[in-house]
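Below: the structure, in structure tokens.
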Amino acid sequence: MKAIVVTDQAAGTAGMKLVERPEPQAAINDVVVRVHAAGFVPTELEWPSTWADRRGRDRTPSIPGHELAGVVTALGYGTTGLSVGQRVFGLADWHRDGTLAEYVAMEARNLAPLPGDVDFTVGASLPISGLTAWQGLFQHGRLQAGQSVLAHGAAGAVGSMVTQLARVAGAYVIGTGRAADRRKALDFGANEFVDLESDALEDVGRVDLVFDVIGGEIQKRSAALIRAGGTLVTVVGPTESRPDDGLAVDFVVEADRAQLSEIVQRVRDGRLRTNIGKISALDDAVVTFNATERRAGKTVIHVRP
């Protein structure tokens, strides 16, 4: 099968190669999925799990990419809940070969059914962005209707999901980003927008929840805006700053079938829009990932036409 592999951490995306690899086999509780579309997060190449297994042993050449939508082609021993020929989408394990390939073997529990009226491209754009937003807002942030959310990067792949899910939940959302992102953030439902390059962040006043995808000085200034009992949620590693009278939570997104099903249902009924940027074929993926222009939205790779 065709697959993109990486072998040199220092090379970054420049070290990606399109090669032929053996098709994977399904282990116990696994399925094999014929990948139709896949997502990729550039920071994957900085994650230890891309280069080593859970025991710290080198696992290169490894296949990156962890989001996918496709069709089940084989079941491992003991696998239940899915069937051959079923359309699925989901999030592959960080320590195993990923989804930038024609086939992937992964645990069945990390997949959810993809309804027939949802395109594979849309399905592949949802797992990391959607689950990150869902878990940050509702599991870790304990968001309630009537609360206020400061959503950094509100025009980005994760931030646009945060904005929409928070608005549907009855929250007031203040989005942030660059000046060029204002219209897009407002289109995704932000009630207000703060240009981090020219507006005063402190002018937003107190908020109940900060969803941080930036870290550093922005995180520090944001923590100071959280009212008593509020929460700072971040996905950029251990928190450098904490609210004076509240919680600070850093987390790594996890696969969850029930949450994936909730997210895709919101896409189907129009409560949630995807934020897809560039779409490329697998043959062109290496060039796409090495482009110098700023990425807008989620990049999706069409593995199978």
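Below, all heavy atoms of this structure are taken into account, side chains as well, without hydrogens, waters or symmetry copies.
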Original post:
Between the side chain of Arg242 and the main-chain N/O of Lys220, is any donor-acceptor distance below 3.5 Å?
Top reply: no
**OP:** Look only at the side chain of Arg87 and the backbone of Leu114, and say whether a donor-acceptor pair between them is shorter than 3.5 Å.
**Re:** yes
**OP:** List the atom of Gln219, the atom of Val236, and the distance in Å for their closest heavy-atom pair.
**Re:** NE2-CG2, 4.1 Å
Original post:
Within a strict 4.5 Å, meaning less than it, do heavy atoms of the Ile128 and Leu91 side chains meet?
Top reply: yes
Original post:
Just by distance, do the side chain of Glu67 and the backbone of Ala38 share a donor-acceptor pair under 3.5 Å?
Top reply: no
**OP:** Locate the shortest heavy-atom distance separating Ala151 from Val162; write the atom from each residue and the value.
**Re:** CB-CG1, 3.9 Å
**OP:** State, yes or no, whether a side-chain contact exists between Thr288 and Lys278 at a heavy-atom distance under 4.5 Å.
**Re:** yes
Original post:
Less than 4.0 Å between a side-chain N and a carboxylate O, is that true for Asp256 and Arg109?
Top reply: no
**OP:** Find out if a path of hydrophobic residues (ILVMFWY) with successive side-chain heavy-atom gaps under 4.5 Å connects Val6 to Val104.
**Re:** yes
Original post:
Going only through I, L, V, M, F, W and Y residues with side-chain contacts under 4.5 Å, is there a path from Val41 to Phe289?
Top reply: no
**OP:** List the steps and the verdict of side-chain contact (heavy atoms from CB on, under 4.5 Å) for Thr60 and Trp51.
**Re:** CA-CA 6 Å; Thr60 59; Trp51 309 100; 3.4 Å; yes
**OP:** In sequence, state the C-alpha distance, the side-chain angles, and the governing distance for Lys2 and Glu20, and then conclude on salt bridge (charged side-chain N to carboxylate O under 4.0 Å, His left out).
**Re:** CA-CA 5 Å; Lys2 289 182 179 179; Glu20 286 289 331; over 6 Å; no
Original post:
What distance separates Leu209 CG from Leu225 CG, expressed to the nearest 0.5 Å?
Top reply: 12.5 Å
Original post:
Got Val88 and Val71 here, is their nearest side-chain heavy-atom distance under 4.5 Å?
Top reply: no
Original post:
Do Val210 and His152 touch side chain to side chain, with heavy atoms closer than 4.5 Å?
Top reply: yes
**OP:** Just grab all the salt bridge (charged side-chain N to carboxylate O under 4.0 Å, His left out) pairs involving residues 114-125, residues at least two apart or on different chains.
**Re:** Asp117-Arg268
Original post:
Roughly how far, to the nearest 0.5 Å, is the CG atom of Asp181 from the CG atom of Leu196?
Top reply: 9.5 Å
Original post:
Does a salt bridge link Asp53 with Arg55, judged by any charged N lying under 4.0 Å from a carboxylate O?
Top reply: no
Original post:
Rounded to the nearest 0.5 Å, what separation is found between the CG atom of Asp8 and the NZ atom of Lys17?
Top reply: 9.0 Å
Original post:
Any sub-3.5 Å donor-acceptor pair from Asp97's side-chain atoms to Ile63's backbone N or O?
Top reply: yes
**OP:** Locate the shortest heavy-atom distance separating Ala101 from Val303; write the atom from each residue and the value.
**Re:** O-CG1, 3.3 Å
Subject >> Taking every non-hydrogen atom, the tightest pair across Thr274 and Ser125 >> reply: CG2-OG, 3.4 Å
Original post:
Should Leu150 and Leu137 be regarded as members of a common hydrophobic cluster, given that ILVMFWY residues are connected when their side-chain heavy atoms come within less than 4.5 Å of each other, either directly or indirectly?
Top reply: yes
Subject >> Any donor-acceptor N/O pair, Gln265 side chain to Ser261 backbone, under 3.5 Å >> reply: no
Original post:
Do Val267 and Leu126 have side-chain heavy atoms sitting under 4.5 Å apart?
Top reply: yes
Original post:
Any ion pair linking Asp195 and Arg178 (charged N to carboxylate O, less than 4.0 Å)?
Top reply: no
**OP:** Measure from the side-chain N and O atoms of Ser62 to the backbone N and O of Thr50, and report whether any donor-acceptor pair falls under 3.5 Å.
**Re:** yes
**OP:** Would you indicate whether Asp244, at its atom CG, is surrounded by more than 12 heavy atoms from other residues, nucleotides or ligands within a distance under 6.0 Å?
**Re:** no
Subject >> Side-chain donor/acceptor of Asn275 to backbone N/O of Gly156, under 3.5 Å >> reply: yes
Original post:
Which value, rounded to the nearest 0.5 Å, describes the distance between Thr121 atom OG1 and Ile279 atom CD1?
Top reply: 5.0 Å
**OP:** Taking the side chain as every heavy atom from C-beta outward, state whether Leu68 and Leu111 have any pair of such atoms under 4.5 Å apart.
**Re:** yes
Original post:
Is any side-chain heavy atom of Thr132 less than 4.5 Å from a side-chain heavy atom of Gln135?
Top reply: no
Original post:
With respect to Asp208, which candidate in Gln144, Arg142, Arg227 satisfies the side chain to side chain donor-acceptor pair (under 3.5 Å) definition?
Top reply: Arg227
Original post:
Is the number of heavy atoms from other residues, nucleotides or ligands under 6.0 Å of Glu254 CD greater than 12?
Top reply: no
Original post:
What's the spacing between Phe211 CZ and Thr176 OG1 if we round to 0.5 Å?
Top reply: 12.0 Å
**OP:** Show the numbers, then the answer: is there a side-chain contact (heavy atoms from CB on, under 4.5 Å) between Val122 and Phe89?
**Re:** CA-CA 10 Å; Val122 171; Phe89 75 119; over 6 Å; no
Original post:
Within a radius of less than 6.0 Å around CD of Gln25, do more than 12 heavy atoms belonging to other residues, nucleotides or ligands occur?
Top reply: no
**OP:** Please report the shortest heavy-atom distance between Ala166 and Val149, naming the atom on each side.
**Re:** CB-CG2, 4.3 Å
Original post:
Are the side chain of Arg257 and the backbone N or O of Ala108 linked by a donor-acceptor pair below 3.5 Å?
Top reply: yes
Subject >> Listed once per pair and sorted, the side chain to side chain donor-acceptor pair (under 3.5 Å) pairs that draw on residues 28-47, sequence neighbours left out >> reply: Asp30-Arg96
Subject >> Validation row: Arg273, Asp187 side chains within 4.5 angstrom (heavy atoms) >> reply: yes
**OP:** Could you grab the distance from atom OG of Ser222 to atom CG of Leu232, nearest 0.5 Å is fine?
**Re:** 7.5 Å
Original post:
Can you find a side-chain donor-acceptor pair between Thr239 and Asp250 that sits under 3.5 Å?
Top reply: no
Subject >> Distance-minimising heavy-atom pair for Val194 and Val204 >> reply: CG2-CG1, 3.5 Å
Subject >> Exam field: side chain Glu192 to backbone Gly175, donor-acceptor pair closer than 3.5 Å >> reply: no
Original post:
For Tyr172, does its backbone N or O pair with a side-chain atom of Arg167 as donor and acceptor, under 3.5 Å?
Top reply: no
